Amino acid sequence: MTSTAATDSPPYPHLFTPLDLGFTTIRNRVLMGSMHTGLEDRAKDFPRLAAYFAERAAGGVGLIVTGGFSPNLVGWLKPFGGKLSWPWEARPHKFVTKAVHEHGAKICAQLLHAGRYGYHPLTVAPSKIKAPINPFTPRALSARGIERQINAYANAAKLARDAGYDGVEIMGSEGYFINEFTAPRTNKRDDAWGGTPEKRMRFAVEIVRRVREAVGPDFIIIYRLSLLDLVEDGNQWDEIVQQAKAVEAAGATIINSGIGWHEARVPTIVTSVPRAAFVDVTAKLKPHVRVPLVATNRINMPEVAEGILAAGKADMVSLARPLLADPQWAAKARAGTPQAINTCIACNQACLDHVFENKLASCLVNPRACHETDLAYRKTFAPKTVAVVGAGPAGLACATVAAERGHRVTLFDAADEIGGQFNYAKRIPGKEEFHETLRYFRHRLEETRVDVKRSTPATVADLTGFDEVVLATGITPRRVAFPGADHAKVVSYADVLSGRVTVGARAALIGAGGIGFDVAEYLTHEGHSPSLDPARWMAEWGVDPTFEARGSLVKAQPEPPAREVWLLQRSPGKPGARLGKTSGWVHRATLKAKQVKMLGGVEYLGVDDVGLRIKVDGAEHLLPVDHVVVCAGQEPRRELQADLIAAGKTPHLVGGADVAAELDAKRAIDQGSRLAARL
Ligand code: FAD
Ligand code: NAP
Ligand code: SF4
């Protein structure tokens with residue numbers, strides 16, 4: 001997917017052309033998009049926030065946008081969230097702005113009023129309409145209340161300027177407060193702030209105008225405009241163009257693209273969304289405004305970013321999660337070494353899912369993200385010989401971090417390719433990004449000079465001579481125990497995903513965890529991945545390819561499933577309830593569209609030549625399937641442990657070899673990296 005630029009000309013010329021805004025210049029076209037990390041909410045965390053941004057600034061990014069800060073209390077995203085309404089709230093921000101400026105980047109504070117998305121009882125909105133994703137009903141604002149909100153924005157922007165920021169980003173998209181004014185879905189007012197498109201957009205325009213008045217001419221104002229609402233009764237294209245022109249006239253310096261409300265039922269950032277899927281809507285706005293436009297969503301590699309700029313579809317690219325994954329992203333692109341980039345796989349597992357669980361954000365592929373001050377990979381003064389057994393995510397992370405620190409590392413794997421179970425994950429339609437992690441680790445192994453022994457099942461004799469031994473041998477798929485479990489039609493997910501077994505026209509999957517869902521997608525798509533075909537992906541999810549329809553929604557047209565599939569679990573309730581907070585609904589919706597029959601509370605009675613017999617709610621059923629695919633979890637694989645201990649060598653255990661329950665790559669990489677940081 002990536003290529004090395006090995007010519008004398010700069011590898012990504014458009015990406016590294018400075019952007020002259022008249023009163024200031026941004027050194028390149030890479031904008032770090034706003035992300036809430038959990039470090040924004042308390043003043044005592046600001047030194048950590050500064051270290052986090054400083055690493056990204058040192059890594060070459062041009063312009064950073066912080067996580068959202070509310071301009072007042074009613075605009076809080078959650079109780080006691082980050083706020084900018086008093087001078088003492090602005091003061092700790094100076095740590096951040098100073099740290100970023102020392103590395104030559106610019107930084108804007110995002111002003112985010114949550115409106116009806118605020119998770120607290122004080123929320124306000126243009127009209128008293130509850131959001132489907134929030135239990136709190138907002139209070140409808142009076143005309144005086146609206147004035148107070150506008151003043152709060154102007155005040156917050158001025159405080160941001162005092163704190164040393166180069167500008168602000170006014171969050172006008174994603175279904176937050178300002179977007180609630182612009183869309184008929186949420187604005188039912190009949191006064192000066194609602195009714196016609198002009199009155200609906202007046203709030204946005206007034207905010208930009210008053211902010212410009214408050215901060216003067218030489219301060220960046222980015223306006224994040226919702227180019228695609230992706231909800232019913234959202235804005236229509238001509239209204240969006242009108243809004244863009246009006247905020248430009250009111251004083252915006254840059255317009256950033258907003259894609260999809262949080263309550264939208266179309267995925268906008270998960271891994272199955274095609275790369276740069278929505279960039280054409282930014283391109284469609286381009287002829288209508290003079291200010292620079294920023295393209296966003298699923299732009300994760302330099303060739304994608306460069307392609308957008310070279311085609312004139314946008315003037316900057318926004319990367320958010322990719323800069324959590326690799327703070328050196330811009331520097332590596334500039335050096336022409338994209339193969340060295342630790343690519344964001346858009347899994348959301350350690351970033352957005354954490355934020356929704358009120359945990360500090362981090363990154364599955366980079367556990368140092370937001371832990372810059374407490375997880376360091378320091379050079380060792382006492383190099384050791386280290387054997388790592390298993391080149392799955394845990395072993396790869398452990399081996400490369402240990403080698404980076406100066407240890408002499410040998411990595412064994414029984415298979416002929418590195419990656420462990422990621423070699424199954426990468427075959428799932430919509431998980432193509434997992435190839436990138438394997439490419440990154442292949443490069444990293446070379447760079448850190450790890451001695452890799454493929455096709456080499458390690459034995460105790462191979463290992464006893466090392467100073468340290470790490471078992472990262474992963475898992476074995478769990479077997480099931482019911483009548484007929486040894487029937488020829490009962491196979492494991494590994495048999496299916498490795499291609500050892502070709503599944504018939506009807507299949508039942510035993511186990512509805514992450515792997516059960518993935519195998520269901522694999523079997524119903526049969527090798528065709530809409531994620532690699534943006535036009536088809538849009539048709540599957542009902543996105544208007546012309547972006548003209550109100551809310552940009554049209555009737556979804558999923559392709560018929562390649563097979564008839566049943567997805568079963570023993571526990572009662574809805575299968576998939578334990579999938580990721582921000583991605584589970586996408587998996588459930590995809591399988592529903594593929595007519596997968598999902599059943600909970602299932603008792604397995606047995607398998608025979610006819611099919612799988614089950615009992616649900618006391619009634620027996622026969623599923624006439626050709627194959628029963630077991631996706632029933634896993635057991636740790638660590639048969640070397642006892643023999644090593646007997647030989648006087650106590651190994652370290654990481655990843656699935658340590659604990660298989662609730663194992664995922666996030667834990668595997670984190671555990672492997674942290675062990676290596678201590679060796
Ligand atoms: P493994 O990946 O199992 O690696 C162990 C390695 O050890 C293997 O390469 C094996 O060959 C080697 N080995 C074993 N014994 C020996 C020996 N004696 N000598 C030498 N080598 C040996 N996780 C997520 O977080 N997000 C996802 O979206 C996701 N999707 C998945 C989709 C699928 C289809 C599957 C199957 C898994 C998915 N996972 C996902 C789970 C994730 O892949 C695992 O949690 C992770 O791979 C565990 O890492 P590990 O290093 O502990 O073990
Ligand atoms: P899992 O999530 O633990 O699910 C195992 C499933 O098998 C459950 O539905 C379980 O539910 C069932 N089961 C367990 N023991 C059984 C038995 N003896 N007989 C019959 N059914 C049994 O494990 P997984 O699906 O194998 O996934 C492994 C890990 O990979 C997960 O922890 C997950 O985090 C990770 N992963 C993540 C993703 C992702 O997209 N984030 C994707 C794939 C994998 P019942 O007991 O109710 O039947
Ligand atoms: Fe990207 Fe996943 Fe890391 Fe989030 S956790 S930044 S989505 S790789």
Side-chain angles (χ1 to χ4, degrees), residues 35 269-271 300 320-325 342-354 361-366 369 389-398 411-415 417-428 431 433-434 437 453 456-459 462 471-482 493-494 497 510-519 522 567-573 575-576 578-580 583-584 587 600-602 604 630-634 636-640 654-658 660-669 671-672:
M35 278 178 292
I269 61 168
V270 297
T271 192
N300 64 349
R321 298 169 300 166
L323 289 158
L324 273 184
N342 194 1
T343 305
C344 166
I345 57 172
C347 65
N348 286 355
Q349 286 176 241
C351 52
L352 264 188
D353 284 350
H354 276 204
S362 188
C363 173
L364 178 142
V365 298
N366 172 25
V389 187
L396 289 167
C398 185
L411 175 63
F412 297 86
D413 203 294
E417 55 181 343
I418 64 152
Q421 292 176 72
F422 262 35
N423 289 307
Y424 296 137
K426 73 185 185 192
R427 298 197 177 112
I428 307 298
K431 283 198 163 177
E433 294 290 359
F434 284 60
T437 306
K453 296 194 183 301
T456 311
T459 62
D462 292 327
L471 291 187
T473 40
I475 51 85
T476 45
R478 180 177 290 133
R479 299 169 73 95
V480 285
F482 47 70
Y493 69 82
L497 297 176
I510 295 210
I515 292 179
F517 269 77
D518 274 358
V519 172
Y522 179 84
L567 181 58
L568 311 173
Q569 71 178 26
R570 298 174 305 183
S571 356
R578 291 202 341 264
L579 296 178
S583 55
H587 293 296
V602 175
Y604 305 112
V630 180
C631 313
Q634 302 152 342
R637 179 172 180 186
R638 48 177 180 236
E639 59 266 16
L640 286 166
V654 289
D658 179 27
E662 316 249 313
L663 169 70
D664 60 10
K666 179 177 74 171
R667 174 163 56 84
I669 291 178
Q671 218 182 349

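Computed over heavy atoms, backbone and side chain alike; hydrogens, waters and symmetry mates excluded. Atoms within each ligand, like the ligands themselves, are counted from 1 in listed order. These numbers were taken from a predicted model, which means no experiment stands behind them.
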Answer yes or no: is there a donor N or O on one side and an acceptor on the other, between the side chain of [X] and the main chain of [Y], under 3.5 Å?
X      : Y      : answer
Arg321 : Ile269 : yes
Asn348 : Ser583 : no
Asp658 : Gly655 : no
Arg478 : Ala632 : yes
Arg637 : Gly474 : no

- Task: Using a strict cut-off of 4.0 Å, indicate which atoms of ligand 3 neighbour a heavy atom of Ala346.
- Result: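 What qualifies from ligand 3 is 1 (Fe), 7 (S).
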- Message: Out of all atoms in ligand 3, which are within 4.0 Å of some heavy atom of Ala350? Include the element for each.
- Response: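 Atoms satisfying the 4.0 Å criterion: 5 (S).
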Just which atoms of ligand 2 are under 4.0 Å from any heavy atom in [X]?
X      : result
Gln569 : 47 (O), 48 (O)
Gly633 : 5 (C), 7 (O), 23 (O), 26 (O)
Asp518 : 42 (C), 43 (C)

At a 4.0 Å threshold, what atoms of ligand 1 neighbour a non-hydrogen atom of [X]?
X      : result
Ala668 : 49 (O)
Ala665 : 23 (N), 24 (C), 25 (O), 45 (O)
Lys431 : 27 (C), 28 (O), 29 (C), 30 (N), 31 (C), 32 (C)
Ala472 : 5 (C), 6 (C), 7 (O)
Tyr493 : 36 (C)
Gly420 : 2 (O), 4 (O), 8 (C), 9 (O)
Pro457 : 19 (N), 20 (C)
Leu364 : 25 (O)

Looking at ligand 1, does any of its N/O atoms fall within less than 3.5 Å of an N/O of [X]?
X      : answer
Gln349 : yes
Ala458 : yes
Gly656 : yes
Ala394 : yes

- Task: State plainly whether the residues Lys431 and Asp518 are in salt-bridge range, i.e. N to O under 4.0 Å.
- Result: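 Yes, charged N to carboxylate O under 4.0 Å.
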Are any of the N/O atoms on [X], whether in the backbone or the side chain, positioned under 3.5 angstrom from an N/O atom of ligand 2?
X      : value
Arg478 : yes
Arg570 : yes
Val480 : no
Ile515 : yes
Gly511 : no

- Query: Taking all atoms of both residues into account, what is the closest heavy-atom pair of Tyr604 and Gly511, and its distance?
  - Reply: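 It is OH-N, 3.9 Å.
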Please work out which of [options] has its closest non-hydrogen atom nearest to [atom].
atom                    : options                        : value
atom 20 (C) of ligand 1 : Gly390, Ala414, Cys347         : Ala414
atom 4 (O) of ligand 1  : Ala657, Gly655, Gly392         : Gly392
atom 2 (O) of ligand 1  : Arg638, Arg427, Gln421         : Gln421
atom 14 (C) of ligand 2 : Ala632, Gly513, Ala425         : Ala632
atom 10 (C) of ligand 1 : Asp462, Asp413, Thr459, Asp664 : Asp413
atom 5 (S) of ligand 3  : Ile345, Leu364, Ile269, Asn300 : Leu364

I need the contact type for [X] against ligand 1. Using non-hydrogen atoms and a strict under-4.0 Å cut-off, is it side chain, backbone, both or neither?
X      : value
Leu396 : neither
Ile515 : side chain
Arg667 : neither
Val389 : side chain
Asp518 : side chain
Ile418 : neither

Nearest neighbour in protein (non-hydrogen) for [atom]:
atom                    : result
atom 37 (C) of ligand 2 : Gly514 CA, 4.3 Å
atom 4 (Fe) of ligand 3 : Cys351 SG, 2.3 Å
atom 1 (Fe) of ligand 3 : Cys344 SG, 2.4 Å
atom 2 (Fe) of ligand 3 : Cys347 SG, 2.4 Å

- Does any N, O or S atom in Cys363 come within less than 2.8 Å of atom 1 (Fe) of ligand 3?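 It does not; every qualifying atom lies at 2.8 Å or beyond.
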Examine the proximity of ligand 2 to [X] and report which part, side chain or backbone, both or neither, has a heavy atom under 4.0 Å away.
X      : result
Cys631 : backbone
Leu663 : backbone
Gln349 : side chain
Lys431 : side chain

- Gap separating the CD1 atom of Ile428 from the CZ atom of Phe517, nearest 0.5 angstrom: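 That separation rounds to 13.0 Å.
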- Query: Say you draw a straight line from CD1 of Ile669 to SG of Cys398; how long is it, rounded to the nearest 0.5 Å?
  - Reply: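 Rounded to the nearest 0.5 Å, the CD1-SG separation comes out at 12.0 Å.
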- Look up atom 10 (C) of ligand 2 and tell me if a protein heavy atom lies less than 4.0 Å from it?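 Within 4.0 Å of atom 10 (C) of ligand 2, no protein heavy atoms are found.
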- Message: I'd like to know whether ligand 2 has Ala512 as a neighbour, heavy-atom separation below 4.0 Å.
- Response: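 True for this residue.
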